[in-house]
Amino acid sequence: QLQLVESGGGLVQPGGSLRLSCAASGFTLNYYAIGWFRQAPGKEREGVSYISISDSRTYYADSVKGRFTVSRDNAKNTVNLQMSSLKPEDTAVYYCAATRRIFWSRTSALTGTYDYWGQGTQVTVSS
């Protein structure tokens, strides 16, 4: 059974950092493009970041560009989202998702269809 599990969420003060991890079981993540998404209460789900299958392309939402970095750890079969300079508006449940589709633009990568989703991890930024 193909499964994604996010970890690393928690409570952090504004300006702090967190690293989220997306781990896979049942398949190898480096054969999949990975998207990170988030959903805050009462808001639509938002695409945050994307890394292509070959790692040649990464995309970020304007709201996180320069603060978030996505990367792979193939040895651990994980994709990580390093988040720094966190703001209260970053508070949300964060999800990772995987697909074999190829997205050629930031818009399509952050809004497109993904085949496998994790259960999410809560990130709360508050003093």
Side-chain angles (χ1 to χ4, degrees):
Q1 184 177 356
L2 307 183
Q3 195 172 16
L4 293 172
V5 178
E6 303 91 341
S7 62
L11 173 65
V12 64
Q13 292 187 341
S17 299
L18 280 175
R19 189 179 78 163
L20 305 184
S21 289
C22 175
S25 62
F27 63 108
T28 302
L29 274 184
N30 60 330
Y31 295 136
Y32 289 78
I34 303 299
W36 282 96
F37 299 81
R38 67 185 181 187
Q39 188 164 23
K43 294 189 175 181
E44 297 282 324
R45 187 177 66 198
E46 174 190 18
V48 172
S49 180
Y50 165 88
I51 186 165
S52 66
I53 293 172
S54 64
D55 295 355
S56 61
R57 288 176 293 114
T58 56
Y59 298 126
Y60 299 92
D62 286 341
S63 57
V64 307
K65 196 176 297 181
R67 301 188 297 121
F68 288 14
T69 302
V70 62
S71 63
R72 294 183 185 271
D73 186 337
N74 290 334
K76 295 182 179 179
N77 199 26
T78 61
V79 172
N80 300 314
L81 184 68
Q82 180 68 45
M83 308 186 298
S84 59
S85 302
L86 284 163
K87 306 175 181 179
E89 51 264 42
D90 294 319
T91 295
V93 178
Y94 283 72
Y95 302 88
C96 65
T99 183
R100 294 295 300 272
R101 293 179 176 84
I102 298 175
F103 298 121
W104 294 106
S105 71
R106 185 180 71 160
T107 299
S108 60
L110 300 184
T111 62
T113 300
Y114 286 74
D115 302 305
Y116 306 103
W117 289 81
Q119 84 291 347
T121 185
Q122 176 71 46
V123 171
T124 302
V125 184
S126 175
S127 55

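Small disclaimer: the values here were computed from a predicted structure and weren't measured.
- Proximity of L4 to L29: side-chain heavy atoms (C-beta onward) are separated by under 4.5 Å at one or more points.
- Note on residues 79-89: pairs passing side-chain hydrogen bond (donor to acceptor under 3.5 Å, both in side chains), not counting sequence neighbours, are S21-N80.
- Listed by chain and residue number, R38, E46 satisfy the side-chain hydrogen bond (donor to acceptor under 3.5 Å, both in side chains) test with S63 (two or more places apart in sequence, or in another chain).
- Residues passing the side chain to side chain contact (heavy atoms under 4.5 Å, CB included) test with S25, sequence neighbours excluded: Q3.
- Listed by chain and residue number, L18, L86, V125 satisfy the side chain to side chain contact (heavy atoms under 4.5 Å, CB included) test with V12 (two or more places apart in sequence, or in another chain).
- With sequence neighbours excluded, the residues forming a side chain to side chain contact (heavy atoms under 4.5 Å, CB included) with S126 are L11, T124, listed by chain and number.
- Of the possible donor and acceptor atoms, one in the side chain of E6 sits under 3.5 Å from a partner among the backbone N and O of C96.
- Evaluation of the ring-ring contact (aromatic ring centres under 6.0 Å, His included) test over residues 105-127, restricted to residues two or more places apart or in two chains, returns F27-Y116, F37-Y114, F37-W117, F103-Y114.
- For residues 70-86, every residue pair satisfying the salt bridge (Lys or Arg N to Asp or Glu O under 4.0 Å) rule, not counting sequence neighbours, is listed here: D55-R72.
- In this structure, K43 has no side-chain hydrogen bond (donor to acceptor under 3.5 Å, both in side chains) partners at least two apart in sequence or on a different chain.
- Pairs passing the ring-ring contact (aromatic ring centres under 6.0 Å, His included) check and including a residue from residues 56-102, sequence neighbours excluded, read Y50-Y59.
- Judged as a side-chain hydrogen bond (donor to acceptor under 3.5 Å, both in side chains), and not counting sequence neighbours, the contacts of D115 are T99, R101.
- Remark: R67 pairs with D90 by the side-chain hydrogen bond (donor to acceptor under 3.5 Å, both in side chains) rule, at least two apart or across chains.
- Residues W104 make up the rest of the hydrophobic cluster containing I102, defined by ILVMFWY side-chain heavy atoms closer than 4.5 Å, directly or through other members.
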